[in-house]
Amino acid sequence: MYRTHTCGELNINHAGKNVTLSGWVQKSRGLGGMTFVDLRDRYGITQLVFNMEKDGELCRKARKLGREYVIQITGNVAERSNKNLKLPTGEIEILVDTLHVLNSSEVPPFTIETETDGGDELRMKYRYLDLRRQVIRKNLELRHRMAMEIRNYLSGENFIEVETPVLIKSTPEGARDFVVPSRMNPGQFYALPQSPQTFKQLLMVAGFDKYFQIVKCFRDEDLRADRQPEFTQIDCEMSFVDRDNLLDAFEGLSNHLFRSIMGVEINDKYPRMPYDEALRKFGSDKPDTRFGMEIKDLKEHTEGKGFQVFDSAEYVSGIVATGCADYSRKQLDELTDYVKKPQIGTRGLVYVKYNEAGTFKSSVDKFYSPDDLQKWADAMGAAPGDLMLILAGETESTRKALGELRLEMGRKLNLMDPKAYRPLWVVDFPLLEWDEETNRYYAMHHPFTRPYEEDLELFDSDPGKVRAKAYDLVINGVEIGGGSIRIHNEDLQQKMFDNLGFTREEAAKQFGFLMGAFRYGAPPHGGIAFGFDRWVALFAGLDSIRDTIAFPKNNAGRDVMIDSPSSIAEEQLEELFLEVKKEELKKIETRTSGRKQ
RNA sequence: GGUCUGGUAGUUCAGUUGGUUAGAAUGCCGGCCUGUCACGCCGGAGGUCGCGAGUUCGAGUCUCGUCCAGACCGCCA
């Protein structure tokens, strides 16, 4: 028997017991006459003691142990004379009788501790060592507990988890597909699912009126800290529901997770904020509502005073930074630099200091009188001591920039309480989105999203104004999930494809199976999918989803541990009737040979 | 596709105006140490300054290219 107990469970109540433990050597501290070894496993750390007087040979053997050796010991649980109350096992230690080295270890390239000295790159390359660290393990344990709670809760609500295929069909809408060549069907390819979208709708047609699945999805797009090429969704679909039934149902799931995992009770119903309002007030379709600082329109108060920048701008708005009237020139310059970064992309920033004394100091004093500025302050709800920050330009981009500036000020002023959770639903997204490059409309959510009946007539006059029965769950400025009520009849679906510029033939070829299914009694239905990795990251307090995933990929989509993707053998290519373009292959070769070992 | 930041000891980083032998901490190795738990003290080893060109009497430092990593924009729901 390798062990009678784990390294996390022994305490003062086990004193006197004879035990066997197995684990990794976290650290050993030799003191000449005696040696202490911290033995670690998944469950915790237990201190082992070796005494030179008691057993010199054994103690000398213990002193030779290196970090991360795997050992097995037997010994007696004893109360410590010097207790360490920082550890759950800190009141006891093991007086070791026998020591057996199960496996030695090379010196690890970084320290296996909560505060590791390893950088990201190294940690990813040796992920199996990184996963030994408590902080990382704890994230995976959180992820596991959340998955269990989700399954239990949804199962209790009569949802059934159904697996859907991974080798499916490429579709033209949405993200790029990962494709898989088919050996048995030369020249043809499967695609990996961007989500099980069509299958869950078919399950609704099949009468599984409440479906869910915790499922891997794949998108071949450029990555970010919160985006991986393969990621996990909590994919859900329900029949016989309208939008509000569905939002209520999944508020239930969200509240359950907050309660069971975080011990947080969310008493209020989640606000349902129209997309337009989110953009107008927060400059974002995923507003962080932990703090106010809403965007206020100033256009009408700025006109006709000879300030060309504002007069010629389509949009002039600002935010109020409470208590920041004493900002120095340097601080204001920093903010100006921030909004002028190419990623934000504005030409400049106008500030108005509403001084404690009631006077104004602004970068546009030349054009606007104190009375004018007072009107601005009134319109924006600014009080003496506050700083008004104003941007002008084209509506859409300037709103987004103000939204970014608002978040930056929120960070600077510590307005984002990491312990506060402000979930809300953003609703009424536009159904369609115009794309300048291809000169056509695209489905903003996806082509199966149901428009509002009362907006249907706009299809012909102003398709961009048609609102969709689509919604996102946003928590603290993070988009946690999104979904929609679906189209369930063939005519409307066809109309949608028409507006997306699909010919009948194309639509039939790509989605014929779904349209066909709709002819056989499709129930009204709708669904939602949550980004599981992001939800775990939110609960774990992480900005990146990488450490919620056991084996993540880097920002180029590479797994630096197994070094994938990689080229494949010529025979494999031939079997698949594939040929790699030579000039492309050269590029790959220089990239691979140039990589650090 | 683009912007920005970084790459120096096993690791995390510092390195001044371009100037003698490239430093610190930590880890590692050796010695001392019987109550440590971030143990302590003493000593030691450890460097292709990512790679390649260029400028210069002289490059870790300046220029160009390139590779790698990270963040962001585009992209993606």
Side-chain angles (χ1 to χ4, degrees), chain A residues 26-38 45-54 59 63-64 66-67 78 80-87 89-90 93 106-126 173-177 194-195 197 217-229 231 233 285-286 341-345 397 400-401 404 426 429 433 435-437 442-446 449 470-474 479-484 528-531 534 543-544 546 554-556 558 560 587 590-597:
Chain A
Q26 170 82 22
K27 182 160 247 180
S28 81
R29 292 176 292 278
L31 273 76
M34 61 196 322
T35 292
F36 299 97
V37 172
D38 290 338
I45 286 177
T46 298
Q47 177 167 287
L48 314 177
V49 196
F50 299 86
N51 196 310
M52 200 61 92
E53 233 166 52
K54 202 178 132 213
C59 194
R63 295 197 63 168
K64 289 209 185 94
R67 278 163 56 204
R80 290 198 203 179
S81 59
N82 243 3
K83 293 181 180 177
N84 181 354
L85 298 178
K86 281 183 273 183
L87 284 178
T89 60
E93 61 196 354
E106 284 186 23
V107 175
F110 53 88
T111 57
I112 316 266
E113 282 160 25
T114 298
E115 297 287 330
T116 183
D117 63 3
D120 288 339
E121 192 180 351
L122 204 61
R123 289 175 42 218
M124 285 306 162
K125 188 169 174 190
Y126 298 91
E173 293 289 294
R176 289 188 194 88
D177 289 312
Q194 299 173 23
S195 81
Q197 185 59 39
C217 302
F218 307 86
R219 288 177 193 161
D220 187 9
E221 295 293 345
D222 286 2
L223 307 174
R224 293 284 188 281
D226 62 350
R227 270 195 247 155
Q228 286 271 306
F231 60 100
Q233 282 191 345
D285 61 357
K286 44 180 180 177
K341 283 199 308 187
Q343 287 90 334
I344 309 291
S397 60
K400 277 179 74 179
E404 292 296 335
V426 176
F429 280 81
E433 199 174 22
D435 181 65
E436 295 288 346
E437 272 176 44
Y442 280 85
M444 192 167 189
H445 186 61
H446 56 54
T449 303
Y471 33 79
D472 277 358
L473 175 62
V474 175
E479 182 199 324
I480 291 294
S484 63
I528 190 165
F530 301 96
R534 284 189 191 170
D543 290 327
S544 167
R546 274 178 215 162
N554 73 7
N555 66 354
R558 298 201 67 86
V560 295
K587 264 191 217 165
T590 45
R591 268 182 57 184
T592 325
S593 63
R595 203 175 308 131
K596 262 200 288 187
Q597 272 309 297

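Below, chain A is the first sequence line, B the second, and so on; all start at residue 1. Source: prediction; values computed, not measured.
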Asker: rU36(B), OP1 or OP2 - any side-chain N/O from Asn82(A) closer than 4.0 Å?
Answerer: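 Checking Asn82(A) against rU36(B): at least one side-chain N or O falls below 4.0 Å of OP1 or OP2.
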Asker: Name all residues meeting the side chain to side chain contact (heavy atoms under 4.5 Å, CB included) criterion together with Asp120(A); count only those two or more places apart in sequence or in a different chain, and write none if there are none.
Answerer: Arg123(A)
Asker: Which part of the nucleic acid, if any, lies within contact of Arg123(A), taking any heavy atom under 4.0 Å across all strands shown: a base, the sugar-phosphate backbone alone, or nothing?
Answerer: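 Contact class for Arg123(A): none.
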Asker: Establish whether the base of rC75(B) is bridged to the side chain of Arg219(A) by a donor-acceptor pair shorter than 3.5 Å.
Answerer: no
Asker: Are there any protein N/O atoms within less than 3.5 Å of an N/O atom in nucleotides 26-28 of chain B, and if so, which ones and at what distance?
Answerer:
{"from": "rG27(B)", "atom 1": "O3'", "to": "Arg67(A)", "atom 2": "NH1", "distance (Å)": "3.0"}
{"from": "rG27(B)", "atom 1": "O2'", "to": "Arg67(A)", "atom 2": "NH1", "distance (Å)": "3.1"}

Asker: Is Phe110(A) stacked on the base of rU11(B) when the test is centres under 5.5 angstrom and planes under 30 degrees?
Answerer: no
Asker: Using a 4.0 Å heavy-atom cut-off across all strands, classify Leu223(A) as base, sugar-phosphate, or nothing.
Answerer: nothing
Asker: List the residues meeting side chain to side chain donor-acceptor pair (under 3.5 Å) with Asp177(A), not counting sequence neighbours, and say none if there are none.
Answerer: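 Partners of Asp177(A) under the side chain to side chain donor-acceptor pair (under 3.5 Å) test: Ser170(A), Gln194(A).
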Asker: Provide the distance between the two P atoms, one in rG50(B) and one in rC13(B), to the nearest whole Å.
Answerer: 14 Å
Asker: Among all residues two or more places apart in sequence or in another chain, which pass the salt bridge (charged side-chain N to carboxylate O under 4.0 Å, His left out) test with Lys341(A)?
Answerer: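 By the salt bridge (charged side-chain N to carboxylate O under 4.0 Å, His left out) rule, Lys341(A) matches no residue at all.
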Asker: Among rC76(B), rU34(B), rA77(B), which nucleotide has an atom closest to any side-chain atom of Glu221(A)?
Answerer: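 My answer, after comparing the listed nucleotides, is rC76(B).
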Asker: What nucleotide, of rA38(B), rA77(B), rC39(B), holds the atom closest to the side chain of Lys86(A)?
Answerer: rA38(B)
Asker: Students often get this wrong, so: under 4.0 angstrom with heavy atoms, is Asp435(A) touching a base, only sugar-phosphate, or nothing?
Answerer: nothing
Asker: Taking only side-chain N and O atoms of Arg546(A), does any of them lie within less than 4.0 angstrom of OP1 or OP2 on rA71(B)?
Answerer: yes
Asker: Mind checking if Glu404(A) touches a base, just sugar-phosphate, or nothing, with heavy atoms under 4.0 Å?
Answerer: nothing
Asker: What is the nucleic acid contact for Arg227(A), judged by heavy atoms within less than 4.0 Å: base, sugar-phosphate only, or nothing?
Answerer: base
Asker: Using the test salt bridge (charged side-chain N to carboxylate O under 4.0 Å, His left out), find all partners of Arg80(A) that sit at least two apart in sequence or belong to another chain.
Answerer: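 Applying salt bridge (charged side-chain N to carboxylate O under 4.0 Å, His left out) to Arg80(A) gives none.
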Asker: Before you tell me yes or no, could you show the steps for Arg227(A) and Asp222(A) under salt bridge (charged side-chain N to carboxylate O under 4.0 Å, His left out), namely the whole-Å CA-CA distance, both residues' side-chain angles and the distance that decides it to 0.1 Å?
Answerer: CA-CA 8 Å; Arg227(A) 270 195 247 155; Asp222(A) 286 2; over 6 Å; no
Asker: So what does Gly30(A) touch, heavy atoms closer than 4.0 Å: a base, only the sugar-phosphate, or nothing?
Answerer: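 Base contact - Gly30(A) has a heavy atom under 4.0 Å of at least one base atom.
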Asker: With a non-hydrogen cut-off below 4.0 angstrom, is Lys83(A) in contact with a base, only sugar-phosphate, or nothing?
Answerer: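 It contacts base atoms.
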Asker: Could you list, one pair per line, each protein nitrogen or oxygen that sits under 3.5 Å from a nitrogen or oxygen of nucleotides 1-3 of chain B, together with the distance?
Answerer:
{"from": "rG1(B)", "atom 1": "O6", "to": "Asp222(A)", "atom 2": "OD2", "distance (Å)": "3.2"}
{"from": "rU3(B)", "atom 1": "O2", "to": "Gln343(A)", "atom 2": "NE2", "distance (Å)": "3.3"}

Asker: With a non-hydrogen cut-off below 4.0 angstrom, is Gly118(A) in contact with a base, only sugar-phosphate, or nothing?
Answerer: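 Result for Gly118(A) = sugar-phosphate.
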Asker: What distance, rounded to whole Å, do you find between the two P atoms, one in rA24(B) and one in rA9(B)?
Answerer: 14 Å
Asker: Paired with rG18(B): which nucleotide, if any, by Watson-Crick or G-U wobble criteria at under 3.5 Å for both distances?
Answerer: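 Answer to the pairing question: none, since rG18(B) forms no Watson-Crick or G-U pair.
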Asker: When the distance from CD of Glu115(A) to C1' of rC13(B) is rounded to whole Å, what number comes out?
Answerer: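 These atoms are roughly 16 Å apart.
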Asker: For Lys341(A), which contact category applies under a 4.0 Å heavy-atom criterion: base, sugar-phosphate, or nothing?
Answerer: nothing
